[in-house]
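Working notes, beginning with the structure itself.
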Amino acid sequence: MYRTTHWLAVVAPVLLVAGTVGVATRAVAAADDLQSRAQTAFKPLERPAPMAAVRVDLGRQLYHDPRLSKSGAISCASCHNLASGGVDNRETSLGHKAQVGGRNAPTTLNASVHLAQFWDGRAKDLTEQAKGPILNPGEMALPSEAEAVKVVRSVPGYQKAFKAAFPGSGVTYQNIAVAIADFEKTLVTPSRFDDYLRGRKDALSATEKKGLKTFMDKGCVTCHGGVGVGGSMYMKFGVVAPYKHQADEGRFAITKDPADKYVFKVPSLRNIQKTYPYFHDGKVWSLDEAVGIMGKTQLGLDLAADERAAIVAFLKSLDGELPVQALRLPELPVSGPDTPRPSL
Ligand code: HEC
Ligand code: HEC
């Protein structure tokens, strides 16, 4: 019932709106127009309001600092490489002592627009999320929050930077997470599609528009809509037909509600061309194949090759640009005499 309710909750208002505007002739013309339909279903991605540079710069350093891992070899950027779309392009990631994780690393780009973090939404926001990997024994593997604080405090340059960024509280585990999250909030990537949504009709090519139309006509937009082209709801992977690699039970592991079996956060499709391989298990390497699987599992449709190709062309228009400051590699402050040495 859970997913049925969600499905209707999404579809019903759309039908209702379509019905209401149908009364007015001018609105009928508008409803036929691809651009106005898109403007109703999606929202342009806005760059965030400027944040305190002392925090964002500190967060950028921490994001790239492998001293936040036991081995001294793994940083957030190891698995969320900003040079390659905020991912590691691996089926599942390599963590501490080359342990292989259970899920594909989603991108940190535009993560701030998601309703919650992780494939199963178990962290409510970026700050809560950032506290996880540092202590996860399979990822960065520091033994405790206290150890992470000790490492950061032992670096004189960080002592100073935290005093400036967090006057009063200085280095705390919470502040480490807040700084990283503030940096991540700058990883926003508007694209040509946003220009189109803002009114520039020629921002998309004819093929991309055909793909956008297919994406909306076939029903992809029901789940992948809004500012993130996804990221705003949970849905079962396998609404109509099961996913062939079905193993991970998704949100069920957290909620224990049988209705949440195989339910995942609907991912944002921004920069999707760069964030292969696809799905929570990273088992699908081709975007064309991923689109075909979505048609079958979520909509009960066998999409034709030209329909898939058009959708893929549209999806590529979601490749956006990071602000230059986000792509600049930070210089990390040098360790102090008491900084713990890397170990395995
Ligand atoms: C060893 C690889 C690895 C490291 C290191 C790592 N992550 Fe991740 N990250 C993952 C994986 C895998 C997931 C998905 C896990 C899940 O959903 O259960 C994830 C999920 C996320 C998400 C959620 C994105 C979304 O779409 O829901 C964010 C944000 C994130 N990581 C940021 C970070 C930050 C910040 C750090 C450093 C403090 C970090 N990660 C370190 C692999 C890694
Ligand atoms: C009923 C909701 C729903 C519909 C309809 C839907 N999707 Fe999805 N989509 C999801 C969910 C949930 C996932 C995450 C699946 C997973 O890996 O657990 C997903 C994942 C994806 C992915 C992989 C994203 C990634 O980061 O790995 C792509 C690409 C995608 N969808 C495209 C489409 C296209 C194209 C359509 C229309 C043909 C579509 N989706 C229709 C819910 C939906």
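Indexing begins at 1, ligand by ligand and atom by atom, following the structure's order. As the structure is a prediction and not an experimental result, all values here were calculated from the model. For reference, positions follow the sequence shown, starting with 1.
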Distance under 4.0 Å to a non-hydrogen atom of [X]: what atoms of ligand 2 satisfy this?
| X | answer |
| --- | --- |
| Leu303 | 38 (C) |
| Leu299 | 5 (C), 37 (C), 38 (C) |
| Gly219 | 5 (C) |
| Gln298 | 1 (C), 2 (C), 3 (C), 4 (C), 5 (C), 6 (C), 7 (N), 10 (C), 42 (C), 43 (C) |
| Val239 | 1 (C) |
| Ile311 | 35 (C) |

* Asked: So Lys124 and Gln117, side chain to side chain donor-acceptor pair (under 3.5 Å) or not? Walk me through it.
  -> CA-CA 6 Å; Lys124 73 170 191 301; Gln117 304 301 320; over 6 Å; no
* To do: Give me the other members of the hydrophobic cluster that Val100 sits in, counting Ile, Leu, Val, Met, Phe, Trp and Tyr linked by side-chain heavy atoms under 4.5 Å, directly or via other members.
  =>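 Members other than Val100 - counting any ILVMFWY side chain reachable under 4.5 Å - are Leu94.
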Where's the contact between [X] and ligand 2, heavy-atom distance under 4.0 Å: side chain, backbone, both or neither?
| X | answer |
| --- | --- |
| Val263 | neither |
| Ile272 | side chain |
| Phe237 | side chain |
| Lys218 | neither |

* Check the side chains of Thr92 and Asp281 for a donor-acceptor pair under 3.5 angstrom, ignoring hydrogens and angles. =>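 No - no donor-acceptor pair under 3.5 Å links their side chains.
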* Asked: Checking salt bridge (Lys or Arg N to Asp or Glu O under 4.0 Å) against Asp194, which of Arg270, Arg200, Lys43 comes through?
  ->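 When Arg270, Arg200, Lys43 are each tested with Asp194, the salt bridge (Lys or Arg N to Asp or Glu O under 4.0 Å) holds only for Arg270.
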* To do: Using 2.8 Å as a strict upper limit, say whether an N, O or S atom of His224 approaches atom 8 (Fe) of ligand 2 that closely.
  =>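 Given the 2.8 Å cut-off, His224 counts as a ligand of atom 8 (Fe) of ligand 2.
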* Asked: Of the backbone and side-chain N, O or S atoms of Met294, does one lie nearer to atom 8 (Fe) of ligand 2 than 2.8 Å?
  ->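 Yes.
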* Just say parallel, tilted or perpendicular for the rings of Phe237 and His280, cut-offs at 30° and 60°. => perpendicular
* Please work out which of the three classes, parallel, tilted or perpendicular, describes the rings of Tyr63 and Phe183, given edges at 30° and 60°. => perpendicular
Under 3.5 Å: N or O atoms of ligand 1 paired with protein N or O:
unit_1	atom_1	unit_2	atom_2	d
ligand 1	7 (N)	His80	NE2	2.9
ligand 1	9 (N)	His80	NE2	3.0
ligand 1	17 (O)	Trp119	N	2.9
ligand 1	18 (O)	Arg103	NH1	2.9
ligand 1	18 (O)	Arg122	NH1	2.8
ligand 1	18 (O)	Arg122	NH2	3.3
ligand 1	26 (O)	His114	ND1	3.4
ligand 1	26 (O)	Lys265	NZ	3.3
ligand 1	27 (O)	Phe118	N	2.6
ligand 1	27 (O)	Lys265	NZ	2.6
ligand 1	31 (N)	His80	NE2	2.9
ligand 1	31 (N)	Gln129	NE2	3.1
ligand 1	40 (N)	His80	NE2	2.9

* Would you check, one step at a time, whether the test side chain to side chain donor-acceptor pair (under 3.5 Å) holds for Asp217 with Thr214? => CA-CA 5 Å; Asp217 289 348; Thr214 314; over 6 Å; no
* Asked: Would you call Thr222 a ligand 2 contact, heavy-atom distance under 4.0 Å?
  ->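 Contact absent.
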* **Where Lys70 and Leu142 come nearest, the two heavy atoms and their spacing** =>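 Taking every non-hydrogen atom into account, N-CD2, 3.6 Å.
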Please tabulate, for side-chain N and O atoms in residues 52-59, each donor-acceptor pair with protein atoms closer than 3.5 Å (sequence neighbours left out).
unit_1	atom_1	unit_2	atom_2	d
Arg55	NE	Ala165	O	3.3
Asp57	OD1	Arg60	NH2	3.4

* Decide if the gap between the ring center of Phe264 and the ring center of Tyr234 is smaller than 6.0 angstrom. => no
* **Carboxylate-amine/guanidinium proximity below 4.0 Å for Glu289 and Lys244** => yes
* How would you list, by chain and number, every residue that makes a side chain to side chain donor-acceptor pair (under 3.5 Å) with Lys218, sequence neighbours excluded? ->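 Side chain to side chain donor-acceptor pair (under 3.5 Å) check on Lys218 returns Glu307.
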